[in-house]
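Since the structure comes first, as structure tokens, the remarks are kept for the end.
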Amino acid sequence: QVQLVESGGGLVQGGGSLRLSCAASGRTFGYQAMGWFRQAPGKEREFVAGISWNGGNTKYQDYVKGRFTISRDNAKNTVYLQMNSLKPEDTAVYHCAAERPVYYARDYVPLNEIDYAYWGQGTQVTVSS
């Protein structure tokens, strides 16, 4: 079974940068897109960024587009979220998630939580003004 562990969160000033990592263990025989979600105080968890199984396709929430970059290194079983130009409203718990595996290659990034079957414990990102 796939297990995910996030790291790299912390406190950063507005305009600063932070890089989150998500280390995956376990295996499947299928292909899995990966995503990052976040949940801020008083808000529902929302999609932030996603990447297809081979990195060929990425999707971003409009509020982070141009500031955040998702990438993956399948050889290291790791997904990254580079966050630049951080704003106080980016403050949230960030969760890494893996798609329910499919058994054919596709350049697709799910946008809905229901399509992600495996979740990390989350890492706190706090951006000061």
Side-chain angles (χ1 to χ4, degrees):
Q1 192 74 3
V2 176
Q3 292 188 332
L4 307 173
V5 179
E6 304 98 329
S7 62
L11 175 65
V12 65
Q13 294 184 26
S17 297
L18 210 57
R19 189 195 196 200
L20 306 183
S21 297
C22 173
S25 61
R27 66 165 66 190
T28 73
F29 292 100
Y31 303 89
Q32 292 175 288
M34 301 292 294
W36 287 94
F37 294 76
R38 69 185 183 187
Q39 187 167 20
K43 296 183 178 180
E44 294 292 322
R45 188 163 57 190
E46 65 179 357
F47 175 82
V48 177
I51 187 167
S52 58
W53 75 273
N54 66 348
N57 191 23
T58 57
K59 298 290 185 181
Y60 297 93
Q61 190 242 81
D62 286 343
Y63 289 158
V64 308
K65 192 174 298 182
R67 299 188 296 121
F68 292 8
T69 303
I70 187 171
S71 61
R72 67 191 298 169
D73 185 340
N74 288 344
K76 296 182 178 180
N77 296 315
T78 303
V79 182
Y80 306 96
L81 185 67
Q82 179 66 47
M83 304 184 293
N84 298 325
S85 301
L86 283 162
K87 305 174 181 179
E89 50 263 43
D90 294 318
T91 296
V93 176
Y94 284 70
H95 294 267
C96 177
E99 181 193 16
R100 300 178 188 275
V102 297
Y103 299 99
Y104 51 93
R106 61 179 185 174
D107 195 26
Y108 176 72
V109 181
L111 304 179
N112 300 313
E113 292 185 30
I114 193 66
D115 294 316
Y116 291 86
Y118 309 99
W119 295 82
Q121 83 287 350
T123 185
Q124 176 71 46
V125 172
T126 302
V127 185
S128 62
S129 60

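If you're wondering where the values come from, they're calculated on a predicted model, not measured in any experiment.
Checked against side-chain contact (heavy atoms from CB on, under 4.5 Å), Q124 has the following partners two or more places apart in sequence or in another chain: T91, V93, T126. Take R19 and apply the salt bridge (charged side-chain N to carboxylate O under 4.0 Å, His left out) test, not counting sequence neighbours, and it matches no residue. For R72, the salt bridge (charged side-chain N to carboxylate O under 4.0 Å, His left out) test picks out no residue, with sequence neighbours left out. Scored by the side chain to side chain donor-acceptor pair (under 3.5 Å) test, Q39 finds no partners at all (sequence neighbours excluded). With sequence neighbours excluded, the residues forming a side-chain contact (heavy atoms from CB on, under 4.5 Å) with D115 are P110, N112, listed by chain and number.
Here CZ of F68 is found 8.0 Å from CG of L20. Values are rounded to the nearest 0.5 Å. Distance check, rounded to the nearest 0.5 Å: CG of L18 to OG1 of T123 gives 8.0 Å. Between atom CD of residue E46 and atom CZ of residue R38 there is a gap of 4.5 Å, rounded to the nearest 0.5 Å. The structure places CE of M34 at 11.5 Å from CG of L81, a figure rounded to the nearest 0.5 Å.
Each disulfide bond (SG atoms under 2.5 Å apart) pair with one or both residues in residues 33-81, not counting sequence neighbours, would appear here, but there are none. For the disulfide bond (SG atoms under 2.5 Å apart) condition, no pair includes a residue of residues 54-91, sequence neighbours left out. The disulfide bond (SG atoms under 2.5 Å apart) contacts involving residues 36-90 comprise nothing, where partners must be two or more places apart or lie in separate chains. Pairs of residues two or more places apart, or lying in two chains, never qualify as disulfide bond (SG atoms under 2.5 Å apart) while including a residue from residues 25-66. Each ring-ring contact (aromatic ring centres under 6.0 Å, His included) pair with one or both residues in residues 107-129, not counting sequence neighbours, appears once here: F37-Y116, F37-W119.
Across every non-hydrogen atom of V64 and V48, the tightest pair is CG2-O, 3.6 Å. Across K76 and T78, no two heavy atoms sit closer than the pair O-OG1, 2.9 Å.
A salt bridge does not link D90 to K87: none of the charged side-chain nitrogens sits closer than 4.0 Å to a carboxylate oxygen.
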TODO: Please step through side-chain contact (heavy atoms from CB on, under 4.5 Å) for the pair I70 and V79, ending with a clear verdict.
DONE: CA-CA 7 Å; I70 187 171; V79 182; 4.0 Å; yes
Identify each donor-acceptor pair in which a side-chain atom of residues 97-105 lies under 3.5 Å from a protein atom, sequence neighbours left out, and give them as a table.
unit_1, atom_1, unit_2, atom_2, d
E99, OE1, A33, N, 2.8
E99, OE2, R106, NH2, 2.4
R100, NE, I114, O, 3.1
R100, NH2, I114, O, 3.3

For residues 5-17, please give each side-chain donor-acceptor pair under 3.5 Å, one per line with the distance, not counting sequence neighbours.
unit_1, atom_1, unit_2, atom_2, d
E6, OE1, Q121, N, 2.9
E6, OE1, Q121, NE2, 3.4
E6, OE1, G122, N, 2.9
E6, OE2, C96, N, 2.7
E6, OE2, G122, N, 3.2
S17, OG, N84, OD1, 2.8

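Side-chain contact, D107 with S52: a donor N or O sits under 3.5 Å from an acceptor N or O.
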